[in-house]
Every structure is written in structure tokens, then in C-alpha cells.
Amino acid sequence: MIDDLERAIEAMLFASDEALDARQVAARLGGETTPGAVRAIVAAIAERHAGSGIELVERGGHWHFQTPADLAHLLRRERDDPRKLSRAAAEVLAIVAYHEPVSRAEIEAIRGVQTSKGTLDVLMEAEWIAPAGRREVPGRPLIYRTTDAFLQHFGLASRKDLPGIEDLRAAGLLDPVDLAFEAAMDELDLVKDGEDA
Amino acid sequence: MIDDLERAIEAMLFASDEALDARQVAARLGGETTPGAVRAIVAAIAERHAGSGIELVERGGHWHFQTPADLAHLLRRERDDPRKLSRAAAEVLAIVAYHEPVSRAEIEAIRGVQTSKGTLDVLMEAEWIAPAGRREVPGRPLIYRTTDAFLQHFGLASRKDLPGIEDLRAAGLLDPVDLAFEAAMDELDLVKDGEDA
Amino acid sequence: MDELPLAYDVVPAATEREDALQLSLDSWEGPLDLLLTLARSQKVDLRQISILALVEQYLAFIAEMRALKLEVAADYLVMAAWLAYLKSALLLPKDPAEDPSPDELALRLQLRLQRLAAMREAAARLLARDRVGRDVFLRPHPEGLHDVRKRRWDASLYDLLAAYGQVKLRTEPVVHMVARRPVVTLDAALQHLERMIGVRLDWAELSDFLPADYDGPLRRSAIASSFLAALELARQGRIDLRQDGAFEPLYLKAAGA
């Protein structure tokens, strides 16, 4: 059986806008209880909640309730939001995979078009590419490589599993028939990239 | 020693800015715990806090922590000023709660007076009532019902807790006048038949 | 039903002063509300109320309002007219043919008043409950539960390879590979003729100097370039040329042979 004074102080600390100290609690109780008595009761309340999902903590003599820090992960829930990789991002990823390590300027030279920062960010967010130091040339540009997560996602045992140019040609992936169409699609993607950025 | 699952659920209910139902808690736990198991644990948590300065209460299947009503005098502050309802709004709210779902015309039939648009707006803004579809009669009038926020604000575990609702129903006072009239006339006829015999 | 007290008003202003003269009808939510207030002054359960007495109270009240030249809203007057009719019907000897009978009308009015009273009472009991923010309190600043949306990027190996193929295609240097046309150059024809005239000493037709396996466009090219070569060699005085007439075959032999 929890006594009335303890209940009252517990409710006060729970409902208060801000952390309260013993003097404030005593004042709200009407002055019949001393701050010292309040402190003893607050300690009892804290003790009663110890190890539960609710914690009474002291910060500079002020007390407030909070959820224990070790349970913070329960208060945040991560939800997947699947998105299709844009064609521009797929190109950049492929270039990194085939030419790594590679700088942004080198990627642009290979792609023949400018690459927005956002595209690299997307690939890093996906954890498919990662910075791999700097190229020791003027300007010391960042260079990028693919990650283990990249190999895993695309079902590759290693980078050597990537098909060579001749394989691509044999598979029709270098077939120029669709070039105009692909180029048009690419332009669309670039527009989209621009909007994202 | 409180087990991890109980701690987790307690922390969630404590940290949430709105009341949670068992399904929501189960979802946040990652689906390994069934809503039924959550309900059992929530009941244990509520039991553990019973008689303290913090209560875990159920409102329309949703749970939240609050202070006990008997400590109101200690906690009530100048700034606490719950929505003052006009008499019209209070009556309309009661009619929606006891008769739901109910159309505006049905509300007006009971009150014998037109309901100003503002009255329903005030109740909807407070999120105590909400539209609940349309009545499939000519004109397809909008019908209203009360919300979980209504149950929470007025401290009702469910609609069954509405004060006196069982007595009102038993007395036929929630039936429309026409129905009650027919019942009364039948009774009169029975009495007359008895007299005739 | 008996354990339910009589109707409460949420805002008691009108009801507490029901015997005093009200200078305004603003205190009531319409004629039914006014009737309910008057009914409660009879201090009996609504089921035992005298409708006739209630009608008289209402009509007297409205008459008083009008005597004071106060504006009375139309719906109060409509109710007054209807109640005046009800009163006369209730007072007159019963006419069994009359439908609905005055008693039935009175019963309906009574049922309506009971229902309104029930809801008024329910509203009062509802508002008297322990309300959040007035009687019970929540945590003012809970940590809150948050959903963090994590984007998951999706692409297949095919997407990747197709994209790379496209980059390769787009950026491959454009080379115009012109197929080698079958021609015999002037130099080649000159060398050929020079070799041949050393072998043949007599007049021979130009076409005989061409390699036998040249045919089609290559042969035509060889004829053209050999003709030019023959003219050049004749100019140098190294061969003689002879033609018997226009479009006749062209003959050549080594000069001085």
C-alpha cells in the first residue's frame, strides 16, 4: 500500500511540465511537508520504479520521469521504403564497379555527362559504394569503390564475376538498336536527378 | 524482477504521445508477440501501478498512463482549462454518444431545435465526434459517432461505460418517439382489453 | 428509471430563475427546452406530468412575453398555437372519430420531453466525469514514438549491366569504318603494264593485259586505270598505241618493237 503523500508526489512529478526539485514539490503540497521529507519520498518512488519501463531520474536536484535509455530503440521504429534505383544511379554504380576505385570526375568522364552529388549520395545511402580514400593527384579527389553489401545485393561472389565487355556485347547489352530510346530515358533520369538534388 | 517484454511494453505506453492498443504495441515489438499476449502483459502492468500516483487505464481498447482522479486538487493549475462546452454542444455530444450513429436530423428531432453548424464543428474540432458514413435513407444524410479521443477525454473504458446508458435503454428512452409511442399505445390497449374482459 | 434524478441543466441560468420573469427567450434552446423547464416546475416525474397544466403554463408564459411587447421567435409561437389547439381538444368531450386523439398527441409530447430530459441529464453526467486536463493528467511531454522511414534502394544485376552497356555505347568513340572499295590504282596499273610490255612484243589488246581473275567492279576499275597508264607510257614514248576506229579495241605494244 503506497501512502497518500507518496502517491501525490509521484503524480506531481508525472504530470509536471518540467522537472521539479524538492522545494517546489513541498510548496505544491501546501507547505506541510519539508523538502527533506520530499527527498526521502522521491528516493522511495525512484526505488520502486527501478528496473521497470519507467525511470525517475535526478538532474541537478530536479526530478523527472523518463523511459530508460536502454529502451530508446523501442521508441524508434525503422520502416522500409523501397525505391527503384534511377537509371543514372545504376550507370554510376556500374562505372564504380567496373573501374573502381574511381573519382567523381572519372565517373563523369566515362559517363560523358555530369553526375549530381545526389546520385553518389543515393548509392552511399544504399551502402553499395563507399569512399576509398583520395586520389594522389591535384585536388586530391575522393575515390569510390563498391562494398561487400553491393556484392551481396547483386549476388556476386567477387568483382571478377562481373561480365566483361564481350559478354555484354554477346548478351545484346551493347546493341545500338535501343540507343536512341535509352538516351531519351537517360535524359529523363537526369531531369529527375536534378529535381531530387 | 520485471521481465524485458513487460519493461518494453511499459516504456512504450509511457513514452507514446497517444494511447496505444494491443495491436499497435505488438507491431512495434516486431511481430513476435501476439496482441493477446500484449493484453495480458498490459493487464499485469496496470495491476502493478494500481493504487500508485500513476495509473494505466484502458479507453476504447487503447491504454495510457494518467494521474488518479482523486489527486486532481493537487495537480490542477490555473492554466488547466478544459474546453467549456455550451449547453447545446453538451447535449449534442450526449445524443451522439448515446444514440450513435446518428444523423443531424435525428439529433434535431430529440432536441426540438435546429443544430447550428458551429455546434457540430466544435465537437469535431475537439475530435470527440467524427462522421461515420451515411444513413442509407433518402437524402443519404451524414451520420456521426464518438471517437476514441472522446472515450479518453471522458475517462470511459468503452461506450458501455456511458453513465446510465443501460437504464436509459431499458426505459426505452433511447428509442425514437414513434417506437415508444406504439409501445405505449399497445400497453394502453392491453389495459383496455383487460378492462373490457 | 426512478433512480435517475430529474433533469439537470448544464447551464442552470434559465432554470434557477424559472419563476422569475425572464425578459428574453435566449436562455432556452427552443420551445421544447422551454416546455421541459416549465414541466420541471411541476416537481413530478415526467411520466406523471399534467400535460394540460404544462400547456397552460406555456401559453401564459408566451402571453406574458407578448404583453411586455418582447419579440417572440416564430417557433415559440408555432408551438403556442399547437398547444392552444391541444388544450381545447383535451378540454372538449372526447370525439372517438378524431385521429390522432388529443390523448395521443399529449402522450407524444410527453415522450419527447422525457427523451430530451434524458439527454440533458446524460450530458450533465458526462461533463461531470473525470476529464483529462481537469481531473486527470497525462505526461505533458512524452518522448513520443517515432517511425523512421528507411529508404531501401532496389536494382537488379540486369539493371546494372544494362546501364553499363548503355554508358559504353554512348561514349564509344564514333569511327567511320568505310569498307575498302575494289579499285586498281593508277600506280598499280602502271607497274602491271610496264611488266607486261616487256613480255609481249606484238600488238595486243589493252584488256589482254589485265589479270584474268579481275571481274565486276574491279575489272572496270582496272580497265580505267590501265587506260590512263597506257596513255602515260605512250607519252613517255615507251609504248605505241593503235585504235582502228572510234570505240574499237585499243592495241598497244612496246615502242620500237
Side-chain angles (χ1 to χ4, degrees), chain B residues 12 14-18 20 24 28 55 57 64-69 71-72 75-76 80-83 85-95 97-99 109-114 152-156 162-165 167-168 170-178 180-181 184-185 188, chain C residues 1-5 9-14 27-36 46-47 75 79 100-101 103-105 107-139 141-147:
Chain B
M12 265 184 215
F14 194 72
S16 178
D17 43 20
E18 51 190 34
L20 300 176
Q24 291 168 315
R28 281 205 164 257
E55 278 178 352
V57 295
H64 73 263
F65 281 103
Q66 65 177 32
T67 57
L71 297 174
L75 307 173
R76 206 172 281 151
D80 295 327
D81 184 30
R83 272 171 253 270
L85 282 188
S86 69
R87 195 168 84 180
E91 275 181 27
V92 169
L93 179 61
I95 291 168
Y98 284 77
H99 290 81
I110 294 169
R111 299 188 65 226
V113 68
Q114 285 214 331
Q152 187 182 1
H153 182 87
F154 290 96
L156 300 160
L162 284 169
I165 190 167
D167 294 331
L168 291 175
L173 286 170
L174 299 181
D175 296 333
V177 167
D178 284 343
F181 179 76
M185 293 311 285
L188 276 180
Chain C
M1 191 56 202
D2 284 334
E3 65 271 22
L4 293 181
D9 282 321
V10 178
V11 180
S27 313
W28 290 282
E29 296 269 336
L32 202 61
D33 186 28
L34 173 55
L35 270 170
L36 183 57
L46 282 175
R47 288 174 301 179
D75 48 349
M79 178 64 90
S101 74
D103 286 338
E104 287 173 13
L105 292 175
L107 174 60
R108 276 182 179 275
L109 179 59
Q110 193 177 356
L111 291 173
R112 288 189 72 188
L113 290 173
Q114 282 177 13
R115 271 149 192 74
L116 180 60
M119 283 304 104
R120 175 142 323 153
E121 181 192 327
R125 290 174 69 170
L126 204 51
L127 295 194
R129 289 189 62 83
D130 293 332
R131 292 167 62 186
V132 170
R134 188 187 71 177
D135 308 294
V136 302
F137 299 88
L138 309 178
R139 279 183 86 194
H141 309 294
E143 290 88 347
L145 302 178
H146 304 284
D147 281 345

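So that the names make sense, note that chain A is the first sequence line, chain B the second, and so on, each numbered from 1. Keep in mind the model is a prediction, meaning the values are calculated, not measured.
The two atoms that bring C:R134 and B:A72 nearest to each other are O-CB, 4.2 Å, heavy atoms only. Of all non-hydrogen atoms in C:P142 and B:A15, the two that sit nearest each other are CB-O, 3.3 Å. Between C:P31 and B:G112, the shortest heavy-atom distance links the atoms CD-O, 4.4 Å. In terms of heavy-atom proximity, B:A90 sits nearest to C:A123 at O-CB, 3.4 Å.
With a 4.5 Å cut-off on non-hydrogen atoms, C:E104 touches chain B through its backbone and its side chain both. For chain C, the nearby parts of B:Q152 are the backbone and the side chain; heavy atoms of each come within less than 4.5 Å. Residue B:I165: no heavy atom, backbone or side chain, is found under 4.5 Å from chain C. In this structure, chain B has heavy atoms under 4.5 Å from both the backbone and the side chain of C:D147. Interface residue C:H146: only backbone heavy atoms are found under 4.5 Å from chain B. Contact of B:A89 with chain C is not made at all, since no heavy-atom distance falls under 4.5 Å. Both the backbone and the side chain of B:F154 come within contact range of chain C, each with at least one heavy atom under 4.5 Å from a heavy atom of that chain.
A 4.5 Å side-chain heavy-atom check between B:M185 and C:L107 finds at least one atom pair inside the cut-off. For the pair C:V136 and B:P68, the minimum side-chain heavy-atom distance is 4.5 Å or more. Side-chain contact between C:D33 and B:V113 is absent, with no heavy-atom pair separated by less than 4.5 Å. Inter-residue side-chain proximity for C:Q114 and B:V177 is flagged as unmet; no heavy-atom pair is nearer than 4.5 Å. Residues B:L168 and C:E121 form no side-chain contact, since every pair of their non-hydrogen atoms from C-beta on lies 4.5 Å or further apart.
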Evaluate side chain to side chain contact (heavy atoms under 4.5 Å, CB included) for C:L138 paired with B:F65, printing each intermediate quantity in order.
CA-CA 7 Å; C:L138 309 178; B:F65 281 103; over 6 Å; no
For C:D135 and B:L75, what are the C-alpha separation, side-chain angles and deciding distance, and is it a side chain to side chain contact (heavy atoms under 4.5 Å, CB included)?
CA-CA 8 Å; C:D135 308 294; B:L75 307 173; over 6 Å; no
Kindly indicate, with the supporting measurements, whether the criterion side chain to side chain contact (heavy atoms under 4.5 Å, CB included) is fulfilled by B:L162 and C:R125.
CA-CA 9 Å; B:L162 284 169; C:R125 290 174 69 170; over 6 Å; no
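Ranked by heavy-atom pairs shorter than 4.5 Å toward chain C, the options B:A170, B:P163, B:G155 are led by B:P163. Note: C:L145 leads C:L111, C:L32, C:L145 in heavy-atom pairs under 4.5 Å with chain B. When the candidates C:R129, C:M79, C:Q110, C:R112 are compared by the number of heavy-atom contacts under 4.5 Å with chain B, C:R129 comes out ahead.
Within the 3.5 Å criterion, the main-chain N or O of C:F137 finds a donor-acceptor partner in the side chain of B:T67.
Going from atom CD of C:E143 over to atom CE of B:M12 covers 13.0 Å, rounded to the nearest 0.5 Å. Atom NE2 of residue B:H153 and atom CG of residue C:D130 lie 10.5 Å apart, to the nearest 0.5 angstrom.
Screening B:L173, B:L93, B:I110 against C:M119 for a side chain to side chain contact (heavy atoms under 4.5 Å, CB included) leaves a single residue, B:I110.
Remark: B:D17 does not engage C:R139 in a salt bridge, criterion side-chain N to carboxylate O under 4.0 Å. Salt-bridge check for C:E29 with B:R111: passed, with a basic side-chain N closer than 4.0 Å to an acidic carboxylate O.
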